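Take this structure first; my questions come after.
All values derive from a computational prediction rather than experimental measurement. Side chains are part of it too, since the values below use all heavy atoms of this structure and drop only hydrogens, waters and symmetry mates.
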Amino acid sequence: MLIRPQLAQFYQNKTTQKSVAQNTYRSMQKWKNNNKDKRYVIAQAEDASSVDKAIEIIKPLYDDLSWLYDMISGLCKIQQNNVFANIELRSSKSGFTESLLLHQGSKIALYLTIIKKQKNSAATSSHIFGPDTIINTLVKANNAVLQRATLSKDGNIKRDDKPINNHDGQYYVYDNRHESINITAYDYDVILLRTVFKRKAYANIGANNLQLHHFQEFLPHSDKAIMTTADESASRAQFMFSILRQSQYKKAISIFKQWLNEDLSYDMRWYIMREFLALDIESALPLLIEMASNDPHPEVHQTASSTLQYIRNQYPQLFENEKQYATIN
């Protein structure tokens, strides 16, 4: 277990652990009880029979965002007073955004997201189209650009950019199967309340099915979409492949081969290939050569080619019988 330095003493003291964990729990419960009316609205939306009805129920929450500011204040107090609060306060961070999960239900998720200011739009030049319906509610947006993309049935992208300014509570509802919205922040960070309605959950599809839900993404300077995947199942699958590799469980080689032959996202394909090479380089080599020759995604093609060249240099004995393998230029 990785323990941060400031928590080392806390980790050793079992009494302190128990006390702080209890305080965190009580603080979270108190915060939740103080927001029962808003939580009730969200629960009603969760119980709705369709996405459209859920949106109709939840929309009044965006007319007055004072509840959101109270929520943020309460969460800050919990974090300040309880060093163990990160158990409950799940968040994610990248070079361009930071997100805090405010609510996670079987059908609805709410995220408070900060889009960091940037001088170029490279981070938002790719649009993602997924199975969900999304509401983006502006909390703060000064001198920012909203980039809307529409996906046609034949995979063509139509883009439309327009400036946006701060409108507390202004929101954009869109079906992410056909529309995608990005925001580029130029002079100030943009703060966004993002509500995700999980369409497949409302369709009564089993939540335990490990399925790869497809979405579309286009590369910069391209108006044609490429197919990849959008589902947390992909990250879970990556974790499982890592376990198989770390365990050197070579009986799973057929599973690696099977997944590499599926219609997966480019990052998922390369992740599996990387783990496969670490598990059994000889078994993975034919598929790596195929990937280096024919993969449709330029990043995978380039990475596979350079990896193959490295293997040629480091392990020439694997290529003694060239007829076993295809060759690349």
(request) Look at the side-chain heavy atoms of Ile, Leu, Val, Met, Phe, Trp and Tyr, link any pair under 4.5 Å apart, and say whether Leu112 and Tyr188 land in one connected group. (result) no
(request) Hey, could you give me the CG/CD distance between Leu285 and Glu290, rounded to the nearest 0.5 Å? (result) 12.0 Å
(message) Check this for me: does any side-chain nitrogen of one of Arg199 and Asp175 sit under 4.0 Å from a carboxylate oxygen of the other?
(response) yes
(request) Could you verify whether a donor N or O on one side chain and an acceptor N or O on the other, from Ser180 and Tyr174, lie under 3.5 Å apart? (result) no
(message) Test your reading of the model: is there a side-chain donor-acceptor pair from Thr303 to the backbone of Val300, 3.5 Å cut-off?
(response) no
(request) Could you grab the distance from atom CG of Asp160 to atom CZ of Arg148, nearest 0.5 Å is fine? (result) 7.5 Å
(message) As an exercise, state the distance from CD of Glu275 to CD1 of Ile243, rounded to the nearest 0.5 Å.
(response) 10.5 Å
(request) Check the side chains of Ser99 and Thr113 for a donor-acceptor pair under 3.5 angstrom, ignoring hydrogens and angles. (result) yes
(message) For the OH atom of Tyr111 and the CG atom of Leu192, what is their distance to the nearest 0.5 Å?
(response) 13.0 Å
(request) Just do the ring pair (Phe, Tyr, Trp, His ring centres under 6.0 Å) check on Phe241 and Tyr271 with the steps written out, would you? (result) CA-CA 9 Å; Phe241 277 112; Tyr271 190 95; 8.0 Å; no
(message) Looking at Asp280 and Lys250, is any side-chain nitrogen of the basic one under 4.0 Å from a carboxylate oxygen of the acidic one?
(response) yes
(request) Calculate, to the nearest 0.5 Å, the distance between atoms OG1 and CZ belonging to Thr307 and Arg312 respectively. (result) 13.0 Å
(message) Set out, in order, the CA-CA distance, both residues' side-chain angles and the distance that settles side-chain hydrogen bond (donor to acceptor under 3.5 Å, both in side chains) for Gln147 and Thr184, then state yes or no.
(response) CA-CA 8 Å; Gln147 300 156 324; Thr184 298; 3.2 Å; yes
(request) Measure the spacing between CG of Asp189 and NZ of Lys140 and express it to the nearest 0.5 Å. (result) 6.5 Å
(request) Answer yes when Asp295 and Arg269 have at least one side-chain N-carboxylate O distance shorter than 4.0 Å, and no when they do not. (result) yes
(message) Checking side-chain polar atoms at under 3.5 Å, does Asp187 have a donor or acceptor matched by the opposite partner on Asn143?
(response) yes
(request) Please name the residue in the list Ile181, Ile135, Ile134 that meets the side-chain contact (heavy atoms from CB on, under 4.5 Å) test with Tyr172. (result) Ile181
(message) I'd like to know if the side chain of Glu98 and the backbone of Ile114 have a donor-acceptor N/O pair within less than 3.5 Å.
(response) no
(message) Within the 3.5 Å criterion, strictly below it, is a donor on His297 or Gln302 matched to an acceptor on the partner's side chain?
(response) no
(message) Is it true that Ser50 and Asp52 share a donor-acceptor pair across their side chains at a distance under 3.5 Å?
(response) no
